[in-house]
Amino acid sequence: VTPVTRTLGPVLAALVAAGVLAGACFGVLRATLPRQSEGQRIATRALAQLDAWRSQGAIVTLGGRRIGATCRAARRSALVTYTDGARVLVRGRRARALRPLDSTPERLLATTRAADPELLSVRAVLGGSRSLYVAGLAVRLSVGGEPLLGRTVVDGVPAYVLGLGRHQLVRLIVSQRTLLPLAVRYSSARLQGSARLLAAPQGRRLAAVGSGGC
Amino acid sequence: LSQVAVTSELPGGRPGRLEGTLRFGRFAAVGASGYAVNLAVFALLVHALDLPSPAAAAAAFCIALANNYLWNRLWTFRDTTGSVRSQGTRFAVVSLVGLGFNLVLLSAFLSTGLGRLGSQACAVALVLPLNYLGNRHWTFAEREAAGMRDRAQAYASIAGWWAASRALVLAAALVVQALGWPRKSWYPSVFHEPLALLRAWDGRWYLTVAERGYFVVPRHQSDPAFFPLYPLLVNGLHVLGLGRIAAGLLLANLAFLLGLVALYELARTWLPEPDARRTAIYAALFPFGFVFSMVYPESIVLAAMAFAGVFAARRQWVAAGICAALATLGRPEGLFVALPLAMLAARRWPQASIGERTRALWGALAAPAALLGLAAYQRTAVGDPLAFSHAQRMWGRWFSIGGIHRTVTELLHAPELHREWLYRDLTFLVGYLACLYLAHRVGVPRSWVLAGALVLLLPLWSGSVTSVARFGLLVPPVYAGLARLGRNRLVDWSLRATAAGLLGVGSATILLHWP
């Protein structure tokens with residue numbers, strides 16, 4: 001046995017054995033640790049896609065009425081303005097009703113109605129506020145729940161239905177192909193509503209921050 | 001072949017190569033009989049009595065190991081002279097550890113749809129070598145009677161201090177929960193979930209990993225930052241029907257006892273016996289040691305690191321490598337045990353045979369190899385091989401050259417940032433470094449001191465001093481340094497009393513700030 005063999009042989013053998021150990025660790029972890037479900041993987045990718053997505057607002061159907069909403073960014077918040085005059089300021093996961101700019105009696109009445117906490121939340125969610133979708137999806141994933149509730153078709157586009165938050169009262173519908181939001185639904189014992197979301201145009205997505213979208 | 005070579009160096013009677021080979025053959029034959037007994041009993045219990053798989057596996061495992069013990073004592077290791085009681089106890093410990101691994105692997109194979117018998121066959125085949133190593137190097141190792149008596153006394157003393165210190169921690173946790181201090185709303189009822197305090201903070205994350213594996217939620221705190229060994233072992237006990245929180249607490253506290261024994265054995269390779277005993281006792285009473293009773297992996301990692309050192313000092317490189325790999329899969333600090341192992345291997349290199357060189361080098365490479373395995377797994381699970389490091393960003397930690405500047409800035413502005421708790425970690429850091437210096441003076445090998453210094457100082461480059469008090473729990477020379485201080489009887493008892501008081505206070509204030 002030459003001195004070279006006495007040195008190189010053990011080094012090579014130890015390296016191979018270390019590789020085997022690394023493989024064994026990988027194998028044990030792969031075989032024993034629980035893996036995320038397909039729905040959780042889809043929701044994680046959708047959450048990442050929400051980063052680049054901005055909303056201009058939505059066409060909202062609430063209480064049998066069809067109404068338009070615009071959403072725009074305002075100082076780390078999103079301002080949702082409905083065509084009936086109701087305004088909701090969304091910051092993170094909190095929503096607050098604002099007094100309408102032009103306070104006609106009809107608009108004041110709309111604001112008073114929006115002060116109902118659940119109605120206020122519904123208006124914030126259906127108005128297209130992205131931060132609420134991000135927070136809701138993150139909470140759903142963090143508690144380890146299954147976010148994928150099913151599949152549907154929106155205006156001919158195949159889509160996934162993702163439950164948000166712990167109780168999944170809000171359901172975000174994202175395109176199966178792009179995972180970008182298409183619509184949102186709200187359903188509780190008291191209130192049902194839905195909205196077709198209006199995405200900011202492709203070229204304006206980044207510019208939308210602070211201008212048109214939120 | 002390497003197994004045969006190792007067997008030829010068995011401590012029991014130091015047999016020659018031929019005798020070692022024969023002994024290995026006998027051990028393998030007994031193992032095969034145990035394997036057959038295990039499968040037969042399992043099949044009988046599952047098919048004839050329709051028992052659930054975990055219960056059948058546990059029973060089959062016990063019967064097979066009883067069979068193995070009997071034949072190994074009467075035939076394989078017939079020239080060893082250990083008492084049945086002590087040998088049987090060691091055999092039971094090895095068996096229980098093996099059973100834990102057996103159950104983890106069984107649940108894994110069952111989840112792949114392999115079928116109950118096939119799953120058990122694969123699990124037993126993988127666990128058998130672990131039992132073999134444990135029994136060969138520990139259960140049936142020849143010991144001098146006088147040495148054994150000393151050790152038994154030391155172990156009894158350490159176990160006493162372990163029991164007392166754990167009773168203190170558990171009592172403090174129970175009392176503050178009963179009082180609802182400092183936030184009544186946080187606690188569940190004492191009757192519904194006693195000791196809820198001990199699963200606070202990172203405990204929640206380890207339980208999340210156990211429950212649903214790794215999962216990255218973009219721009220949110222995610223669980224890949226938490227290493228997988230402890231959640232895997234929790235799942236192993238969970239298969240037996242134990243709740244995950246109870247499994248976590250049981251595991252952490254029992255592993256701490258094992259860790260103290262390992263620390264004592266490691267310290268005996270560095271220091272005289274009285275100092276080694278104090279090393280383990282101070283670790284049991286250490287003010288921040290309430291973490292060892294929480295749903296955290298620290299106790300398991302301490303045990304694995306210390307055992308790695310003990311085995312390496314005895315030139316049992318394969319066992320040392322396995323322990324180093326386990327330590328690394330438990331916490332990132334475990335990786336640093338590679339340094340003393342590498343130094344011991346390098347020192348041994350000139351006299352070692354080719355076989356021993358291979359094993360020694362493998363032992364030193366085992367910790368990095370385990371980390372590589374984890375990185376490969378996280379690459380497939382969450383798409384990022386460094387997810388364990390990147391996930392730390394959401395806790396405000398990331399390594400960079402300028403990280404130390406961020407740490408200093410944070411400390412200077414701690415009052416304005418309402419982070420006064422950082423001073424607690426800073427105080428512990430200073431204490432740890434002083435103990436490392438004492439350990440160096442008392443003769444602890446430089447490689448251990450250096451590894452300890454890296455464990456303590458590297459986090460400062462991640463931008464914060466927070467949790468350094470907890471990281472330092474995994475630096476064995478710190479306790480050896482303290483033991484040096486305690487050579488004076490008055491200082492010794494003062495240290496014990498102060499540490500016990502602080503341990504109680506630390507346990508009661510867990511909820512105020514994360515450890």
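Proteins get letters first, then strands, A, B, ... in listed order; numbering begins at 1 in each.
Heavy atoms closer than 4.5 Å to chain A are found in the backbone of B:Ala210, but not in its side chain. For a residue to count as touching a neighbouring chain, one of its non-hydrogen atoms must lie under 4.5 Å from one of that chain's; by this rule B:Leu232 touches chain A with the side chain only. Only the side chain of B:Ala325 comes within less than 4.5 Å of a heavy atom of chain A; its backbone N, CA, C and O stay farther away. When heavy atoms are compared at a cutoff of 4.5 Å, B:Val216 approaches chain A solely by way of its backbone atoms N, CA, C and O. No part of B:Gln221 comes within reach of chain A, as not one of its non-hydrogen atoms sits under 4.5 angstrom from that chain. Of the two parts of B:Ala360, neither the backbone nor the side chain holds a non-hydrogen atom closer than 4.5 Å to a non-hydrogen atom of chain A. With a 4.5 angstrom heavy-atom cutoff, B:Leu329 touches chain A only via side-chain atoms. Both the backbone and the side chain of A:Val11 have a heavy atom closer than 4.5 Å to some heavy atom of chain B.
Interface remark: of the candidates A:Ser142, A:Ala43, A:Ala48, A:Ser142 forms the most heavy-atom pairs closer than 4.5 Å to chain B.
By the neighbour-count criterion of 12 heavy atoms within 6.0 Å, atom CH2 of B:Trp514 is sparsely surrounded, having that number or fewer from other residues, nucleotides or ligands. At most 12 heavy atoms of other shown residues, nucleotides or ligands fall within 6.0 angstrom of atom CZ in B:Arg379. Heavy-atom neighbours of A:Arg196 CZ from other residues, nucleotides or ligands within 6.0 Å: above the threshold of 12. Shown here is B:Arg348, whose CZ atom has more than 12 heavy atoms of other residues, nucleotides or ligands within 6.0 Å. Within a 6.0 Å radius of CZ in B:Arg212, more than 12 heavy atoms belonging to other residues, nucleotides or ligands are found. Other residues, nucleotides and ligands contribute at most 12 non-hydrogen atoms within 6.0 Å of the CZ atom of A:Arg166.
The two atoms that bring B:Gly373 and A:Cys25 nearest to each other are CA-CB, 4.2 Å, heavy atoms only. Among all heavy-atom pairs drawn from B:Tyr214 and A:Gln36, the shortest one is O-NE2, 3.7 Å. Heavy-atom minimum distance, B:Trp362 versus A:Ala18: CD1-N, 3.4 Å. Looking at every heavy atom in both residues, A:Arg6 comes nearest to B:Arg357 through O-NH1, 2.7 Å. Here the closest heavy-atom approach between residue A:Pro10 and residue B:Leu361 is recorded as O-CD2, 4.2 Å. Annotation for B:Thr358 and A:Ala14: closest pair O-CB, 3.6 Å, computed over non-hydrogen atoms.
The shortest distance between side-chain heavy atoms of A:Thr7 and B:Trp349 falls below 4.5 Å.
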Intermediate values then yes/no, side chain to side chain contact (heavy atoms under 4.5 Å, CB included), B:Arg219 and A:Asp51
CA-CA 10 Å; B:Arg219 289 170 311 287; A:Asp51 246 2; 2.8 Å; yes
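The one candidate from B:Leu374, B:Thr380, B:Leu372 that meets the side-chain contact (heavy atoms from CB on, under 4.5 Å) condition with A:Phe26 is B:Thr380.
Atom CG of A:Leu21 and atom CG of B:Leu365 lie 9.5 Å apart (nearest 0.5 Å).
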